[in-house]
Engineer: 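One structure, pasted below without further comment.
We count residues from 1, following the sequence as given. These figures come from a predicted structure and were not determined experimentally.
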Amino acid sequence: MIFTQQDSEFMARALQLAAQGLYSTQPNPRVGCVLVKEGQIIGEGWHQRAGGPHAEVHALQQAGVNAKGATAYVTLEPCCHQGRTPPCSQALVEAGVKRVVAAMSDPNPEVAGKGMQQLSDQGIDTDTGLMQAEAEALNPGFISRMSRGRPWVTCKMAMSLDGRTAMASGESKWITGAEARHQVHLLRARSSAIITGIGTVLADDPSLNVRLDDRTPEGGWINPVRVVLDPNLSLPVDAKLLQQVGRTIVVTATKDTEREAELQDAGAEVIYLPAPGGRIDLDELMIHLANEEMNEVLLETGATLSGAMLNAGLIDELKIYMAAHVMGDKARGLFNLPDLEQMDQRIDLNITDIRAVGKDWCISANIKVKE
């Protein structure tokens, strides 16, 4: 299918709409829809919150009876199954649209081409693949959970120009400036969960919540679930993260009924995922988070856990905020990877973006998948 310039313009608008759900739709995908008739937009909408109307429904409601004979541009294949809301494919059929253009197929096995097929079976013209890369970039976590059975994991780190994350004493506040820290809170706001290690909690006593005052979305900012990897159940019951709004999950490799009860009384949920050597099974953790419908997970931790996650192939993306100063060779590094001893053991990256953030620089990179 050869798409026209107008097709691209209307899909670009649908993508803009979808992005408005960046901080509010999980566990659902971010989706936008534009209805066009005779070259004019007659209705548009975006999925705002899980359990609420989908993008297509908002657009159809705005267009009303004028939707008959229109073309729908939607960033994700319309759903064709009954979930918390009725199927959008049926709503489009009943509205009498004549054409549906989807940026990408739905990776959800319950849909996966069936939505477009249902539309086609009803005589509606269908096309898929317009601005697919842009649509996929809006939903890395949803795609990962549906296709790989685990969330998309982004590791956020702040470092000096010489790659150091803390002084030898552990002091790390603040490596980067206010603008970079603001951007990190936006990363938290779009994430289903934040993972950290007990070492980070004991050293820094972080809140791991979203602290943003500007651009507050409808309904307010949603705190991600806090996930603390605590092999020996060492988390203090007065830790700041247990005093925040939202869930805290403590993942352990130790069976200790008394400590579990103390943490549960303090508001935590405790799950047991042991691995040999008294460690936590990181692969099982990813499966557990996917089963809890968590799409994007932010890793905010020190060199030991970040190194273990990287070594296990469980980090998909790095967000490294680099400050223009030097901290010296006694300061702590980014990743603890003692098994990397030869050049052919290096972990390769694809740098996808480098940009200034205030006085700092943000480097975005994806982990190269070894063939």
Engineer: One pair to check against side-chain hydrogen bond (donor to acceptor under 3.5 Å, both in side chains): Q183 and Y321. What are the steps and the verdict?
Structural biologist: CA-CA 10 Å; Q183 199 172 92; Y321 294 88; 2.8 Å; yes
Engineer: Let's go through V101 and F10 carefully: what are the C-alpha distance in whole Å and the side-chain angles of both, what is the deciding distance for side-chain contact (heavy atoms from CB on, under 4.5 Å) to 0.1 Å, and is it a yes or a no?
Structural biologist: CA-CA 10 Å; V101 181; F10 292 131; over 6 Å; no
Engineer: I'd like to know if D360 pairs up with R181 as an ion pair, taking the criterion as any Lys NZ or Arg NE/NH1/NH2 lying under 4.0 Å from an Asp or Glu carboxylate oxygen.
Structural biologist: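 No salt bridge links D360 with R181.
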Engineer: Can you check whether V297's main-chain N or O pairs, donor with acceptor, with S192's side chain at less than 3.5 Å?
Structural biologist: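 The answer is no, because no donor-acceptor pair under 3.5 Å joins these two groups.
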Engineer: Using a 4.5 Å cut-off on heavy atoms from C-beta on, say whether the side chain of M294 contacts that of H288.
Structural biologist: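 Of all side-chain heavy-atom pairs linking M294 with H288, none is under 4.5 Å.
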Engineer: Could you check whether K319 pairs with E296 (Lys NZ or Arg NE/NH1/NH2 to Asp/Glu carboxylate O, under 4.0 Å)?
Structural biologist: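 Salt bridge between K319 and E296, a charged N being under 4.0 Å from a carboxylate O: no.
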Engineer: Under a 3.5 Å distance rule, please check whether H325 uses its side chain to pair with a backbone N or O of S160 as donor and acceptor.
Structural biologist: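 Side chain of H325 to backbone of S160: no pair is present.
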Engineer: Any side-chain to backbone donor/acceptor pair from E77 onto D106? Under 3.5 Å, distance only.
Structural biologist: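 Yes; judged by distance alone, with no hydrogens or angles, the pair exists.
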Engineer: Does a donor on one side chain and an acceptor on the other come within less than 3.5 Å for N209 and Q244?
Structural biologist: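 Yes, because at least one side-chain N or O of N209 sits under 3.5 Å from a partner of the opposite role on Q244.
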Engineer: Carefully, step by step, assess I195 and L229 under the rule side-chain contact (heavy atoms from CB on, under 4.5 Å).
Structural biologist: CA-CA 7 Å; I195 295 177; L229 274 55; 3.6 Å; yes
Engineer: With a 4.5 Å cut-off on side-chain heavy atoms, are M322 and L161 touching?
Structural biologist: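 The answer is yes; the side chains approach within 4.5 Å.
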Engineer: Would you check if there is a donor-acceptor pair between the side chains of R99 and T71 at a distance under 3.5 Å?
Structural biologist: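 Note: T71 and R99 side chains miss the donor-acceptor criterion.
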Engineer: Side chain of T252, backbone of P231: donor and acceptor closer than 3.5 Å?
Structural biologist: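 A pair under 3.5 Å: yes.
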Engineer: For the backbone of T176 and the side chain of K359, can you confirm whether one donor and one acceptor N or O come within less than 3.5 Å of each other?
Structural biologist: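 A pair under 3.5 Å: no.
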Engineer: Between the side chain of N223 and the main-chain N/O of V245, is any donor-acceptor distance below 3.5 Å?
Structural biologist: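 Judged by distance alone, yes, a pair lies under 3.5 Å.
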Engineer: Kindly determine whether R148 and D316 satisfy salt bridge (Lys or Arg N to Asp or Glu O under 4.0 Å), including the steps that lead there.
Structural biologist: CA-CA 12 Å; R148 302 189 299 175; D316 299 298; 3.0 Å; yes
Engineer: Using modelled atom types only, decide if a donor and an acceptor are shared between the side chain of R30 and the backbone of A18 within a distance under 3.5 Å.
Structural biologist: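 No, R30 side chain to A18 backbone: no donor-acceptor pair under 3.5 Å.
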Engineer: Do the non-hydrogen side-chain atoms of R145 and P27 ever get within less than 4.5 Å of each other?
Structural biologist: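 With C-beta onward as the side chain, the pair touches.
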Engineer: Would you check if the side chain of T75 reaches a backbone N or O of G32 as a donor-acceptor pair within less than 3.5 Å?
Structural biologist: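 Answer holds: yes.
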Engineer: Under 4.5 Å between any side-chain heavy atoms of L76 and P107, yes or no?
Structural biologist: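 Side chain of L76 against side chain of P107, heavy atoms only: contact under 4.5 Å found.
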Engineer: Are side-chain heavy atoms of C362 and D353 found at a separation under 4.5 Å?
Structural biologist: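 Counting from C-beta outward, C362 and D353 never come under 4.5 Å.
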Engineer: Using the side-chain contact (heavy atoms from CB on, under 4.5 Å) rule, pick out the option among L187, T154, V184 that qualifies with E300.
Structural biologist: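 Result: among L187, T154, V184, V184 is the only option passing the side-chain contact (heavy atoms from CB on, under 4.5 Å) with E300.
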Engineer: Listed by chain and number, what are the ring-ring contact (aromatic ring centres under 6.0 Å, His included) partners of F142, not counting sequence neighbours?
Structural biologist: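 Here no residue qualifies.
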Engineer: So, does D205 use its side chain to make a donor-acceptor pair with the main chain of K240 at under 3.5 Å?
Structural biologist: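 Indeed, once roles are kept as given, a pair shorter than 3.5 Å links the two residues.
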Engineer: How many angstroms lie between CG in L318 and OG1 in T352, if you round to the nearest 0.5 Å?
Structural biologist: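 If we round to the nearest 0.5 Å, L318:CG and T352:OG1 are 9.5 Å apart.
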Engineer: First locate atom CG of D230, then atom CD1 of I280, and finally report the distance between them rounded to the nearest 0.5 Å.
Structural biologist: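 Between atom CG of D230 and atom CD1 of I280 there are 7.0 Å.
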